[in-house]
Amino acid sequence: QVHLVESGGGLVQAGDSLRLSCATSSTLSLYSMGWFRQAPGGEREFVATISWNGGRTDYADAVKGRFTVAGDNVKNTLQMNNLKPEDTAVYYCAATTETPYGSRWSNAYQYWGQGTQVTVSS
């Protein structure tokens with residue numbers, strides 16, 4: 001079982017930065033983490049993923065070069081720089097046991113946090 005807790009969301013202006021954190025408690029060993037987001041009226045979309053030991057990361061094109069995921073499957077952070085109004089969404093941390101290397105696919109993740117709101121004003 002994996003329990004996830006996100007923190008760090010808030011209201012910022014375009015161009016500002018935010019750092020989200022995801023703390024996990026787990027009885028499992030090899031699992032990887034992902035970050036997803038869902039805007040009002042939209043579908044949940046992939047943001048970033050990190051392998052179990054933090055050695056491999058992957059990003060959605062929309063955030064590549066602006067967002068950085070770091071850490072491991074015990075605690076990881078999503079550093080978000082140069083935020084844009086289109087980044088406004090609820091951000092979710094997730095964990096998957098299907099692969100230790102990370103995944104872009106939300107269906108691969110069995111465990112989800114409660115979400116944290118990020119709002120970027122123009």
K.L.:
Looking at side-chain heavy atoms only, is the closest gap between Arg104 and Asp58 below 4.5 Å?
P.N.:
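A side-chain contact under 4.5 Å exists here.
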
K.L.:
Given the rule that I, L, V, M, F, W and Y join up when any side-chain heavy atoms are under 4.5 Å apart, are Val90 and Phe46 in one cluster?
P.N.:
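Looking at the clustering, Phe46 is in the same group as Val90.
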
K.L.:
What residues, two or more places apart in sequence or in another chain, satisfy salt bridge (charged side-chain N to carboxylate O under 4.0 Å, His left out) together with Lys64?
P.N.:
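For Lys64 the salt bridge (charged side-chain N to carboxylate O under 4.0 Å, His left out) partners, ignoring immediate neighbours, are Asp61.
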
K.L.:
Are the side chain of Ser32 and the backbone N or O of Gly102 linked by a donor-acceptor pair below 3.5 Å?
P.N.:
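At least one qualifying donor-acceptor pair exists.
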
K.L.:
If you measure only the distance, is there a donor-acceptor pair under 3.5 Å linking the side chains of Gln117 and Thr119?
P.N.:
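Result is yes, a qualifying pair exists.
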
K.L.:
Check whether Thr96 reaches the backbone of Ala108 with its side chain - one donor and one acceptor, N or O, closer than 3.5 Å.
P.N.:
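Yes, because the side chain of Thr96 sits within donor-acceptor range (under 3.5 Å) of the backbone of Ala108.
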
K.L.:
Are any non-hydrogen side-chain atoms of Arg44 and Trp112 less than 4.5 angstrom apart?
P.N.:
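The answer is yes, as the side chains (C-beta and beyond) meet within the 4.5 Å cut-off.
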
K.L.:
Between Tyr59 and Ala48, which heavy-atom pair has the shortest distance, and what is it?
P.N.:
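Tyr59 and Ala48 have their closest heavy atoms at CD2-CB, 3.7 Å.
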
K.L.:
Measure centre to centre between the rings of Tyr111 and Tyr31, then say whether the value is under 6.0 Å.
P.N.:
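When the ring centroids of Tyr111 and Tyr31 are compared, they turn out to be at least 6.0 Å apart.
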
K.L.:
Which pair of non-hydrogen atoms, one from Asn82 and one from Arg66, has the smallest distance, and what is that distance?
P.N.:
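Closest approach of Asn82 to Arg66, heavy atoms only: O-NH1, 3.0 Å.
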
K.L.:
Give a yes or no on whether Val12 and Val47 share a hydrophobic cluster (residues Ile, Leu, Val, Met, Phe, Trp, Tyr; joining criterion: side-chain heavy atoms under 4.5 Å apart).
P.N.:
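Same cluster: Val12 reaches Val47 through Ile, Leu, Val, Met, Phe, Trp or Tyr contacts under 4.5 Å.
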
K.L.:
Do you know which two heavy atoms are closest between Glu45 and Arg37, and how far apart they sit?
P.N.:
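In this case the closest contact between Glu45 and Arg37 is OE2-NE, 2.6 Å.
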
K.L.:
Using every non-hydrogen atom in the two residues, find where Gln79 and Ser17 come nearest and quote the distance to one decimal.
P.N.:
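Shortest heavy-atom separation between Gln79 and Ser17 comes out as NE2-CB, 3.9 Å.
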
K.L.:
Same cluster or not: Met33 versus Leu20, using hydrophobic residues (I, L, V, M, F, W, Y) connected whenever any side-chain heavy atoms lie under 4.5 Å apart?
P.N.:
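Result: yes, single cluster for both.
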
K.L.:
Determine the interplanar angle of the Phe67 and Tyr91 rings, folded into 0 to 90°, and report it as parallel if under 30°, tilted if 30 to 60°, perpendicular if over 60°.
P.N.:
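Phe67 vs Tyr91 ring planes: tilted.
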
K.L.:
Looking at side-chain heavy atoms only, is the closest gap between Asn53 and Asp72 below 4.5 Å?
P.N.:
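Result no, sub-4.5 Å side-chain heavy-atom pair not found.
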
